[in-house]
**Student:** 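Sending over a structure as structure tokens; questions will come in a sec.
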Amino acid sequence: MDVTAIIEPLNEAQREAVTAPSRPVLVLAGAGSGKTRVLVHRIAWLIRIEGISPQRLLAVTFTNKAAAEMRGRIESLLDFPTRQFWIGTFHGLSHRLLRTHAEAAGLPSSFQIMDSEDQLRLIRRLLRSLEIDESEWAPKEVQWFINAQKDEGLRSKHVDDQGNAGRRQLIDLYARYETVCADSGLVDFAELLLRATELLQQHSDLREHYQSRFMHILVDEFQDTNAIQYHWLKLLAGRSSVPFVVGDDDQSIYRWRGARVENLQSFQRDFSDPLVVRLEQNYRSTGTILDAANAVIANNSERLGKNLWTDGDAGDSIKLYAAFNERDEAEFVVNRIADFIASGMRRSEVAVLYRSNAQSRVFEEALLIAGLPYRVYGGMRFFERAEVKDALAYLRLIANRDDDPSFERIVNVPTRGIGARTVDVVRQTARAMGVSLWRAAAAVISEERITKRSATSLLAFLRLIEQLDEATRSMSLAEQVEHVIHASGLIDHHKNDKLAGESRVENLQELVSAAQGFVADEDSELPPLVEFLSYAVLESGDTQAEDYEDSVQLMTLHSAKGLEFPVVFVCGLEDGLFPHQRSASDAAGLEEERRLCYVGLTRARQQVFLTYAEQRRLYGRDHYGTPSRFLREVPQELLEEVRPALKVSRPVYRRPSIDKAEASGVRLGQRVRHGKFGEGVVLNSEGNGAHARVQVNFERAGTKWLVLAYASLELM
DNA sequence: TACTATTTAATTTTT
DNA sequence: TTAAATAGTA
């Protein structure tokens, strides 16, 4: 392979990035500007032209999907296996480091990973054992707190209580949580990163080893990195590695889970003399779509600045539909989809995007009526299904008896006469003795702390696990799984269930297939089972098994990031829904919503439809919203309002134009001042014209409904 | 222990 | 509205 094959398909900016000399590179890659191509070609360039050994490259992504795609594209471009080459997610690579250096990291060699659900269960159990009322501390909040600290790189001992008693308790819970995890040999997702970072920080020999090994470190979606990930990168890069990061500040939509766009700026400060390349030529969308997206995002401040352009056609105008209510909205969308399909388009070429998952329902119903197959993104993944997790819990307990969450999960699944009282005694004993539930169970039996009958049941459970371990020791992984799902009684348990039993049994059998298809690392000294269990957590599988049927794509704006479709519907464009009410109170939140809108628009290749509903049923109540402010940010000349053919069934309703809604000036989240009640925030509004009313939450006077025409509110 | 009634809370998501 | 979690009952 010569230079031309790598360079030929690139434009000038892409070429500049791909062929950059050995110095830090920051690629600001706009939507649809070929960022994956740049990463893949950069790697090809480094290997083929610079002659760098693949072992000396590290490529990091956020999702397994992105990692797999990159791997695939490198293989097809270079026609060369990428086995020895480190491409993976932050979590996957951290996991690899921790497995390789478990001892140095202070972890048992057979440590296991908890997913968020496991983590939440563990926290719930912790709160219960401390007799902390869940109404005082919602387990979710505690979980959020702990993860947020870890994402910032902080251990419980590092967190400042700021003289706040509530915070002090959270920190205390964090500390106890750390102890429980350590005792059970469990590691949560954030812990993978934090622990790996500490490993590199505390062991200079390892740090230097990896720093000199990885000559080049490539990072995808850099705007999504959080504090610990950035720290991780800096440690791995050291002084000698050359970082090559690709990101887009305008597509940063994960600030709420710790992502720091500022890392883009920090990068320019922390790495000397970086080359900054902007990819602004877009190969995806029509000129009209790009103009609209550029105009919307221009309302954000503190951008690094970018303007997408295309040398393609302007294309069709953007269509706007003002629906009467959410059902009318869905009907409109589905009718349009039917038109597109009638004109020869495939169903999978159309995507319906919305802000929150709850919105999918109405679209699903309408698609069902129209007989159009669809696929909803998100939801339960294979390895997250309850029955699959039960089976995995058996396997985890076989691999590690101290795994308390797994013990709790299956001690009485299927029911074997071990009731809540028995488990309670075991829990208390475990706590008093400072040992795992497994050891405590043995003690409870020998010390006769429970009834004879309970003791028999509990002993039978302990024997079962021991037997499963012994019986499967010489088996292959798949045989092992097969044996466990039968001998544990799980299969029979679900067979008895008439309702959902059949699919559960199928899923358990699917787990055997997954084990069969799992290729364990040849070099690893760990049992394949331990590796498989980690794989199951880190790569929890697809939301749905590949459905081969051509179907309309339904998803949230968040999950649409990185995808593209010829036709895109962005729905529910109402203030309060999109931008979401809960992001409306501060400027940063609003800007993130706007970026989300930008992401939505730039998913489309040919045609964008924007819709909003004047009336929307949410949580059983009708809401009368104003059209989203983002609609007003799309230049009028790019928009074409679509009106439905008049229908008899439709109530006669004066549809306020967007401009009129703007004229009222009162929007959700808007701060207002009232002569008598003082200052407050607009929570809700309904009606129009002289009847328009708004609900305002006043700081001093509480929540009130006011008629706009009389209240004379002052906008702030 | 399993089923039923009641309460509660409700962006966005990957690992 | 509705789904999920919890509390109460047979």
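By convention in this document, chain letters (A, B, ...) are assigned in the order of the sequence lines, proteins followed by strands, and residues within each chain are numbered from 1.
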**Student:** Indicate whether the side chain of A:Ser524 and that of A:Glu531 have a donor and an acceptor atom separated by less than 3.5 Å.
**Tutor:**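 Yes, side-chain donor-acceptor contact under 3.5 Å.
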**Student:** Can you list the residues that meet the ring-ring contact (aromatic ring centres under 6.0 Å, His included) rule with A:Phe569, with sequence neighbours excluded?
**Tutor:**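 By the ring-ring contact (aromatic ring centres under 6.0 Å, His included) rule, A:Phe569 matches A:Phe609.
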**Student:** Can you list everything that forms a side chain to side chain donor-acceptor pair (under 3.5 Å) with A:Glu564? Sequence neighbours excluded, please.
**Tutor:**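 Expected list: A:Arg284, A:Arg605.
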**Student:** Under 4.0 Å, counting only non-hydrogen atoms across every strand here, what does A:Glu593 touch: a base, just sugar-phosphate, or nothing?
**Tutor:**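 Touches a base.
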**Student:** Look at all strands and tell whether A:Phe90 reaches a base, only sugar-phosphate, or nothing, counting heavy atoms closer than 4.0 Å.
**Tutor:**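 No contact.
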**Student:** Have a look at A:Asn64 and say if it touches a base, only the backbone sugar-phosphate, or nothing, with a 4.0 Å heavy-atom cut-off.
**Tutor:**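 The answer is sugar-phosphate, as A:Asn64 gets under 4.0 Å only of primed atoms, P, OP1 or OP2.
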**Student:** Considering every strand and a 4.0 Å limit on heavy-atom distances, what is the contact class for A:Ser116: base, sugar-phosphate, or nothing?
**Tutor:**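 It contacts base atoms.
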**Student:** My understanding is that only residues two or more places apart in sequence, or in another chain, count here; which of them pass ring-ring contact (aromatic ring centres under 6.0 Å, His included) with A:Phe407?
**Tutor:**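 Listed in chain order: A:Phe461.
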**Student:** Check whether A:Arg71 reaches the backbone of A:Phe85 with its side chain - one donor and one acceptor, N or O, closer than 3.5 Å.
**Tutor:**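 Judged by distance alone, yes, a pair lies under 3.5 Å.
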**Student:** Look for any protein N or O under 3.5 Å of an N or O in nucleotides 1-4 of chain C and output each such pair with its distance, or none.
**Tutor:**
{"residue": "C:dT1", "atom": "O4'", "partner": "A:Gly620", "partner atom": "N", "Å": "3.3"}
{"residue": "C:dT2", "atom": "OP1", "partner": "A:Arg361", "partner atom": "NH1", "Å": "3.2"}
{"residue": "C:dT2", "atom": "OP1", "partner": "A:Arg361", "partner atom": "NH2", "Å": "2.9"}
{"residue": "C:dA3", "atom": "OP1", "partner": "A:Arg361", "partner atom": "NH1", "Å": "3.2"}

**Student:** Scan side-chain atoms only and decide if A:Gln119 and A:Asn147 contain a donor-acceptor pair under the 3.5 Å cut-off.
**Tutor:**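 Looking only at side-chain atoms, A:Asn147 and A:Gln119 do form a donor-acceptor pair, the distance falling under 3.5 Å.
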**Student:** A cation-pi test, strictly: NZ or CZ of A:Arg594 under 6.0 Å from the centre of the six-membered ring of A:Tyr598 and no more than 45 degrees from its axis. Yes or no?
**Tutor:**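 No, A:Arg594 and A:Tyr598 do not form such a contact.
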**Student:** For a quick check of understanding: with a heavy-atom distance under 4.0 Å over all strands, which category does A:Asp224 fall into, base, sugar-phosphate or nothing?
**Tutor:**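 Since no nucleic acid heavy atom lies under 4.0 Å of A:Asp224, the category is nothing.
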**Student:** Can you pull the contact range of chain A along DNA chain B, 5' to 3', using atoms under 4.0 angstrom from its heavy atoms?
**Tutor:**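 With heavy atoms of chain A under 4.0 Å away, the range is B:dT1 to B:dT15.
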**Student:** Determine the contact category for A:Asn226: base if any of its heavy atoms lies under 4.0 Å from a base atom, sugar-phosphate if only primed atoms, P, OP1 or OP2 are that close, otherwise nothing.
**Tutor:**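 No contact at all - A:Asn226 keeps every heavy atom at 4.0 Å or more from the nucleic acid.
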**Student:** Which dot-bracket notation, 5' to 3', represents the base pairing of DNA chain B when pairs are defined as Watson-Crick or G-U with both distances under 3.5 Å, crossing pairs as [ ], and inter-strand pairs as |?
**Tutor:** ||||||||||.....
**Student:** For atom P, what is the distance between B:dT13 and C:dA4, given to the nearest Å?
**Tutor:**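 It comes out at 16 Å once rounded to the nearest Å.
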